Amino acid sequence: MEILYKSTRGGESGVPASRAVLEGLACDGGLFVPEKLPVLDVPMEKLAGMSYQDLAYEVMSRFLTDYTEEELRGCIARAYDEKFDTPAIAPLRKAGGAYFLELFHGATIAFKDMALSILPHLMTTAAKKNQVKNEIVILTATSGDTGKAAMAGFADVPGTKIIVFYPKDGVSPVQERQMVTQKGENTYVVAIRGNFDDAQTGVKKMFGDAGLERDLDRAGYQFSSANSINIGRLVPQVAYYVYAYAQLVKQGEISRGETINVTVPTGNFGNILAAYYAKQMGLPIGKLICASNDNKVLYDFFRTGVYDKNREFILTSSPSMDILVSSNLERLIYRIAGEDAAKTRGLMESLSGKGVYEITEDMKQKLTDFYGNYASEEEVSETIAKLYKEDHYVIDTHTAVAACVLEKYRRETGDGTKTVLASTASPYKFARSVLHAIDGKRFDGMTDLEQIDALKEVSGVEVPGAIEEIRSAPVRHDAVADVDGMEAAVRKILGLN
């Protein structure tokens with residue numbers, strides 16, 4: 001069955017998957033969603049016996065129906081290879097009463113690698129399929145991990161350039177160093193004097209600028225996105241939830257058909273939306289537990305039905321979740337609005353104009369799959385220390401947000417359902433915060449690189465290649481811009497008048 005895509009705001013429909021991947025954002029500013037969600041029609045015992053690559057093909061081929069088997073298997077083979085430091089690609093680790101789905105074994109040691117390792121291949125394949133002559137310019141905003149993972153994926157890929165904006169003081173030292181040392185003649189990084197929401201808003205504005213689009217076309221360029229708003233980012237994420245369930249069946253941890261819960265540390269809402277799509281396909285998932293940090297706009301939304309970004313932006317130890325505008329939530333809003341594009345567009349216009357919207361009572365009733373809560377900075381530290389003390393398992397700050405919220409959910413509801421917890425980054429990426437939580441007095445006086453070595457001693461886990469790589473790598477990117485200078489920075493990079 002062919003799956004076509006449409007915009008959440010009604011401006012496009014009947015769009016083949018490859019074109020949706022290429023465009024990234026619909027022409028009306030909406031997000032592409034499948035016109036019908038596919039069914040996971042492969043027996044679980046068969047999935048349980050598959051490699052990650054073969055299972056990913058079974059899931060992704062249900063969504064990306066205009067890619068041939070040869071094309072899609074080729075993209076998967078090039079993505080999930082020796083760049084990952086484990087053949088399992090996304091191994092499960094049992095600790096703290098949950099199954100931690102380790103999504104950080106790729107080239108940049110964060111979960112973004114799971115989708116951004118394959119997106120360049122999906123995109124360049126799509127360009128050929130659609131006879132695209134222009135050079136593709138990936139324009140993206142990052143709260144820390146997407147930028148590096150996207151650059152690693154697109155570095156020196158023929159026919160592409162990638163421009164990444166990040167908040168100058170809103171990422172960890174390791175995240176920043178990973179970005180500013182990125183190799184590749186087609187990679188560009190610009191720090192902005194603002195926060196992630198400023199960067200994301202600026203990028204969306206450029207996508208919707210008809211004059212800029214004309215100038216790009218004249219120069220032989222066209223924009224696409226590597227943010228999680230791109231359906232080519234979202235579909236690969238669905239695969240790892242199916243893989244986690246299949247592995248639990250294979251390992252005898254659950255029986256076939258047994259319901260599990262899923263807990264996800266959430267910022268832009270893409271990762272948990274992928275779990276929701278897996279559930280909608282037929283994967284036996286009960287509750288989707290949405291974990292926020294002190295920027296708890298999603299927690300408030302799930303409790304009240306009001307989404308309000310008009311609040312203080314808080315810099316936390318889990319910077320990839322320091323987000324007040326969760327772009328992917330629009331896809332869920334569209335679904336619970338009964339796929340009413342006009343209603344969705346109105347709510348998004350209210351968010352853009354007033355910074356707030358409220359859903360109807362009927363829509364609230366359709367959110368019962370979700371539970372939202374948040375973890376304070378103190379609770380994050382306590383969770384890291386507790387898991388280390390009790391299980392000798394070291395987790396990063398984002399994963400700790402999820403682990404803390406899972407405990408709150410269990411205390412509040414008494415629900416003891418077995419739970420997969422998305423572990424989204426290596427603790428090495430946030431060594432200072434992790435070591436401070438374990439024993440601040442012992443580690444706080446160390447330099448960032450000394451803390452990397454200390455974390456190896458504490459965790460017993462080898463320092464990932466991604467960290468070793470940046471110890472002595474030269475800085476290649478030092479551009480800085482104000483928020484209102486983002487378009488000028490893009491024009492300068494691309495040589496536009």
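All values below come from the heavy atoms of this structure, side chains included, with hydrogens, waters and symmetry mates left out. Just so we're clear, the structure is a prediction, and the values are computed from it rather than from any experiment.
- For Asp369 and Lys287, the salt-bridge test fails: no basic side-chain N is under 4.0 Å from an acidic carboxylate O.
- Between Ile314 atom CD1 and Asp294 atom CG the span is 5.0 Å, to the nearest 0.5 Å.
- Considering every non-hydrogen atom in both Asp396 and Pro427, the closest pair reads CB-CA, 3.7 Å.
- Residues Ala90 and Leu101 come closest through the heavy atom pair O-CD1, 3.5 Å.
- Note on ring orientation: taking the six-membered ring where Trp is involved, the planes of His398 and Phe430 are tilted (angle from 30° to 60°).
- The closest donor-acceptor contact from the side chain of Lys279 to the backbone of Ile285 lies under 3.5 Å.
- Residues Lys204 and Ser327 bring a donor and an acceptor atom of their side chains to less than 3.5 Å of each other.
- Across every non-hydrogen atom of Phe84 and Ala79, the tightest pair is CE1-O, 3.5 Å.
- Under the 3.5 Å distance criterion, with hydrogens and angles disregarded, a donor-acceptor pair is assigned to the side chains of Tyr409 and Asp415.
- The residues Arg62 and Glu58 are annotated as salt-bridged, a charged nitrogen and a carboxylate oxygen being separated by less than 4.0 angstrom.
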Show me the side-chain donor-acceptor pairs of residues 244-253 shorter than 3.5 Å, one per line, residues at least two apart or across chains.
| residue | atom | partner | partner atom | Å |
| --- | --- | --- | --- | --- |
| Tyr245 | OH | Gly257 | N | 3.0 |
| Tyr245 | OH | Glu258 | N | 3.0 |
| Tyr245 | OH | Glu258 | O | 2.6 |
| Glu253 | OE1 | Lys94 | NZ | 3.4 |
| Glu253 | OE1 | Tyr99 | OH | 2.7 |

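- For Lys389 and Asp439, the salt-bridge test fails: no basic side-chain N is under 4.0 Å from an acidic carboxylate O.
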Practice problem: Please step through side chain to side chain donor-acceptor pair (under 3.5 Å) for the pair Asn328 and Asn268, ending with a clear verdict. | Solution: CA-CA 6 Å; Asn328 268 289; Asn268 222 13; 5.6 Å; no
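- Summarising the geometry, atom CE belonging to Met348 is positioned 4.0 Å from atom OH belonging to Tyr357; distances are rounded to the nearest 0.5 Å.
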Quiz item: side chain to side chain donor-acceptor pair (under 3.5 Å) between Gln178 and Thr108: does it pass, once the steps are laid out?
Solution: CA-CA 8 Å; Gln178 280 189 306; Thr108 73; 5.4 Å; no
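- In this structure, OH in Tyr80 is found 8.5 Å from CD1 in Ile89, a value given to the nearest 0.5 Å.
- A donor-acceptor distance shorter than 3.5 angstrom exists from the side chain of Thr360 to the backbone of Met363, with no hydrogens or angles considered.
- Ring centroids of Phe111 and Tyr240 are separated by 6.0 Å or more, keeping the two rings apart.
- The pair Lys296-Glu312 does not meet the salt-bridge criterion, since no charged nitrogen lies less than 4.0 angstrom from a carboxylate oxygen.
- For residues 420-431, the set of pairs meeting the salt bridge (Lys or Arg N to Asp or Glu O under 4.0 Å) definition, not counting sequence neighbours, comprises Asp145-Lys429.
- Judged by distance alone, the side chain of Asp308 and the main-chain N or O of Val356 form no donor-acceptor pair under 3.5 Å.
- A donor and an acceptor atom, one from each side chain of Glu377 and Ser317, are located under 3.5 Å apart.
- Tested against Gln182, the residues Lys148, Arg177, His477 include a single side chain to side chain donor-acceptor pair (under 3.5 Å) partner, Lys148.
- Of the inter-residue distances, the one linking Arg335 atom CZ with Tyr277 atom OH reads 7.0 Å to the nearest 0.5 angstrom.
- Panel note: side chain Asp453, backbone Glu450; no donor-acceptor pair is recorded below 3.5 Å.
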Self-check item: Residues Ser320, Gln175; criterion side chain to side chain donor-acceptor pair (under 3.5 Å); working and verdict
Solution: CA-CA 10 Å; Ser320 297; Gln175 285 176 315; 3.3 Å; yes
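- When all heavy atoms of Ser292 and Tyr299 are compared, the pair lying nearest together is OG-N, 3.9 Å.
- Using a 4.0 Å cut-off between a side-chain N of Lys or Arg and a carboxylate O of Asp or Glu, Asp54 and Arg73 qualify as a salt bridge.
- Ring-centre distance between Tyr276 and Phe370: below the 6.0 Å cut-off.
- Remark: side-chain polar atoms of Arg193 are not paired, donor with acceptor, to backbone N or O of Asp169 under 3.5 angstrom.
- The main-chain N or O of Glu102 is never found under 3.5 Å from a side-chain atom of Ser423 such that the two would form a donor-acceptor pair.
- Around atom NZ of Lys386, no more than 12 heavy atoms belonging to other residues, nucleotides or ligands sit under 6.0 Å away.
- Here the side chain of Gln237 pairs no donor or acceptor atom with the backbone of Met114 at under 3.5 angstrom.
- Considering all non-hydrogen atoms of both residues, Pro91 and Thr86 come closest at CD-CG2, 3.9 Å.
- At least one donor-acceptor pair closer than 3.5 Å links the side chain of Tyr428 to the backbone N or O of Lys456.
- Heavy atoms from other residues, nucleotides or ligands lying under 6.0 Å from NE2 of His436 number 12 at most.
- The pair Glu412-Arg303 meets the salt-bridge criterion, since a charged nitrogen lies less than 4.0 angstrom from a carboxylate oxygen.
- A distance-only check finds a donor-acceptor pair linking the side chain of Tyr241 to the backbone of Asn271 [under 3.5 Å].
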Practice problem: Could you check Phe32 against Ile229 for side chain to side chain contact (heavy atoms under 4.5 Å, CB included), going step by step and ending with a plain yes or no? | Solution: CA-CA 8 Å; Phe32 285 113; Ile229 54 175; over 6 Å; no
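- Asn230 places a side-chain N or O within donor-acceptor distance of the main-chain N or O of Ser225, the cut-off being under 3.5 Å.
- Contact record, Ala481 with Val190: CB-CG1, 3.9 Å, taken as the closest heavy-atom pair.
- Taken to the nearest 0.5 Å, the CG atom of Asn261 stands 8.0 Å off from the OG1 atom of Thr413.
- No side-chain heavy atom of Ile192 sits under 4.5 Å from any side-chain heavy atom of Lys168.
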Quiz item: Where do Asp322 and Asn195 land on the side chain to side chain donor-acceptor pair (under 3.5 Å) test, with the steps shown first?
Solution: CA-CA 9 Å; Asp322 291 346; Asn195 60 41; over 6 Å; no
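- Taking CE of Met321 as the reference point, atom CG of Asn295 lies at 9.0 Å (rounded to 0.5 Å).
- Taking the six-membered ring where the residue is Trp, Phe100 and Tyr393 present perpendicular rings, their angle passing 60° and hence far from 30°.
- For the pair Lys408 and Tyr374, the cation-pi criterion (under 6.0 Å, within 45° of the ring axis) is fulfilled.
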